[in-house]
Amino acid sequence: MATQKLYAGAKLRELRTKLGLTQKDFAARLGVSLPYLNQMENNNRPISTTVVLALASEFGLDVTELSAGDSERLVSDMREALADPVFQGKMPPLADIRLTASNAPGLARAFLDLHQSYRQTHERLASLDEALGREDARGAPSPWEEVRDFFHYCDNYIDSVDHAAEHFANRKGGHRNMRVAAVSTLGNAGISVAFDDTDVLRRFDASTNVLHISARAAPESQTFQLLLQVALTKQDALLEATLDLARFTTAAARDIAKIGLANYFAGAALMPYARFHAAAQSCRHDLELLSSTFGASIEQVAHRLSTLQRPGSKGVPFFFVRVDQAGTITKRHSATRLQFARFGGACPLWNVHRAFETPGRFLRQLAETPDGARYISLARDISKPAGRFGAPVRRFAIALGCEMRHAAQLVYADGLDMTRESAFEPIGISCRICERKSCHQRAVPPLERHLVVDQNLRDVLPYRVD
């Protein structure tokens, strides 16, 4: 297989700007000529091995940061936005989209913000009777979307919060007594904990300084909520400083993000980075074994695995997604080339949808996306009962996976025939941007393809994709 050339001009410019160096000084430090550096920064030349080594030795750069993770996210998001009917199928060539994402990421993000604003305005106009007279009837990203994109483009890893959580866990003796440590920490802050027979998972009464936790919840959920309160109580300054740097446009987005950061702290304290990373490698990412070792749920473990992106100590780059029974994506993250649709559901050919049919079991799938990338995907349902008869059951399914080159590090790859071409099922991202011509589950035609409709022929689809 031919070695893929590394183009990372935007990363080079970002590093040089952060260091406050001119192109001349930067080129000298890297041991290359000024014209050569200029060509690399403009992606006219790939970054050479010599430059990669110089970046590591001269500036201590984690060279994995030069990977095209952000660029692939932007490409996926731009393709989905450009598939909007407003563009009438005028999809630019993929090569042009990739050039924009790699050479002008700021422009790409501005385009995405503009498209998102258009979608919001369009949706409000579609329900004009509700929008009229409202002071907030403006085209702007919803708070949930703004927070989702914040974590998405942070690679789902928040360094300062992760280190603070790990420090807390190490200082308190590790994950073995996190529940006790959380209650003790809250007690030292003047907060008592009460376990109540109620459906409400967590409620903090500021007037009495009592934290009420549902006694019906699973033990791992109780511990997680205790640690979340520790984050809100003891790490408030850190959370607020992180929010200041994020520059959210609305107070609602900031409030949602604060809960997201507190959740992040709770997961990182329950599964501290270094120990969890080492344990995951040792057991080859066995979710059930990690769950019992760290006292966490299967979903918490899978989500944590997708956040192991600490510079200098990165884990396997996973994708992680959670869907409801309607196929709507409720959580998503990918450190791989596979990027999920920003709007709507996931590909129906993906095994995550079949997980609802086999509760309590792990489903394995070898899959191939239209770009030729191959993955191993693990799916399982995660029902969330409320702990009493008659209470509604929240049903979700999760999927965790990685590219095939990392398959040997997963216990779930054992016994799979990965040499057989037919073993890899074709999956896509979104029907509107999927290039497959003969998918039997296609919901809508791809906008960048020409359709042929024959009134005398009815096959699986009522049209043919050229």
Side-chain angles (χ1 to χ4, degrees), residues 1 3-8 10-11 47 52 56 61-77 98 101-102 105 148-149 151-159 162 264 267-268 271 273-274 276-287 290 299-322 329 331-341 346 350-352 364-369 371-379 398-413 416 418 424 427 429:
M1 182 180 295
T3 303
Q4 186 175 2
K5 294 180 180 180
L6 176 61
Y7 291 89
K11 293 280 188 181
I47 297 180
V52 171
L61 179 71
D62 179 359
V63 294
T64 60
E65 294 182 29
L66 296 173
S67 64
D70 285 350
S71 178
E72 291 297 335
R73 289 186 184 89
L74 285 172
V75 169
S76 177
D77 291 349
R98 290 191 183 280
S102 58
R148 177 198 64 188
D149 287 348
F151 282 100
H152 182 56
Y153 284 106
C154 283
D155 214 14
N156 209 32
Y157 174 76
I158 312 297
D159 189 69
D162 206 298
Y264 188 104
M271 295 164 279
Y273 198 103
F276 184 76
H277 186 200
Q281 290 181 315
S282 175
C283 71
R284 296 176 61 215
H285 302 87
D286 187 320
L287 269 66
L290 290 170
E299 180 183 357
Q300 289 168 353
V301 168
H303 195 167
R304 182 58 171 152
L305 285 172
S306 75
T307 69
L308 299 183
Q309 296 299 302
R310 179 177 291 179
S313 181
K314 291 189 176 184
V316 170
F318 283 108
F319 62 73
F320 168 77
V321 68
R322 187 181 75 177
I329 296 174
K331 286 184 181 179
R332 69 181 180 108
H333 172 63
S334 179
T336 72
R337 283 182 285 174
L338 176 65
Q339 300 299 322
F340 306 111
W350 202 9
N351 66 340
V352 69
R364 300 180 297 173
Q365 180 183 38
L366 300 178
E368 181 176 348
T369 50
D371 61 0
R374 290 183 167 181
Y375 302 88
I376 177 172
S377 176
L378 182 71
I398 60 170
L400 181 77
C402 64
E403 294 186 33
M404 287 303 301
R405 58 194 175 96
H406 302 289
Q409 299 184 57
L410 272 64
V411 68
Y412 303 100
L416 293 177
M418 295 176 281
F424 291 86
I427 65 170
I429 305 301

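Numbers here simply count residues along the sequence, with the first being 1.
- Residue Q365 holds its CD atom at 11.0 Å from CG of L416, rounded to the nearest 0.5 Å.
- Shown here for V411 and C283, the closest heavy-atom pair between the two residues is CB-O, 4.3 Å.
- Scored by the ring-ring contact (aromatic ring centres under 6.0 Å, His included) test, H303 finds F320 as partners (sequence neighbours excluded).
- The OH atom of Y157 sits 12.5 Å away from atom NE2 of H333, with the distance rounded to the nearest 0.5 Å.
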Begin with the C-alpha distance, continue with both residues' side-chain angles, and end with the deciding distance and a verdict on side chain to side chain contact (heavy atoms under 4.5 Å, CB included) for K331 and I398. CA-CA 9 Å; K331 286 184 181 179; I398 60 170; over 6 Å; no
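- Every side-chain hydrogen bond (donor to acceptor under 3.5 Å, both in side chains) that D162 has, sequence neighbours left out, goes to Y264, R304, R310.
- Judged by distance alone, with hydrogens and angles left aside, the side-chain atoms of Q309 form no donor-acceptor pair with the main-chain N or O of D155 at under 3.5 Å.
- With rounding to the nearest 0.5 Å, the separation of CG in L308 from OG in S306 is 8.0 Å.
- Partners of Y412 according to the ring-ring contact (aromatic ring centres under 6.0 Å, His included) rule, which considers only residues two or more places apart in sequence or in another chain, are F362.
- By the side-chain hydrogen bond (donor to acceptor under 3.5 Å, both in side chains) test, T369 pairs with D371, sequence neighbours left out.
- Rounding to the nearest 0.5 Å gives a distance of 8.5 Å between CZ of F424 and CD1 of I376.
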Using the side chain to side chain contact (heavy atoms under 4.5 Å, CB included) rule, take V321 and W350 through it: C-alpha gap first, then chi angles, then the decisive distance, then the call. CA-CA 11 Å; V321 68; W350 202 9; 3.3 Å; yes
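- For R374, the salt bridge (charged side-chain N to carboxylate O under 4.0 Å, His left out) test picks out E368, E421, with sequence neighbours left out.
- Listed here is the closest heavy atom pair of T336 and P317: CG2-O, 3.1 Å.
- Shown here for N351 and S377, the closest heavy-atom pair between the two residues is OD1-OG, 3.2 Å.
- For the atom pair CG of L378 and CG of L305, the computed distance is 10.5 Å after rounding to the nearest 0.5 Å.
- Atom CZ in R364 sits 10.5 Å away from atom CG in L410 (nearest 0.5 Å).
- Scanning for ring-ring contact (aromatic ring centres under 6.0 Å, His included) contacts around H277 gives Y273, with sequence neighbours left out.
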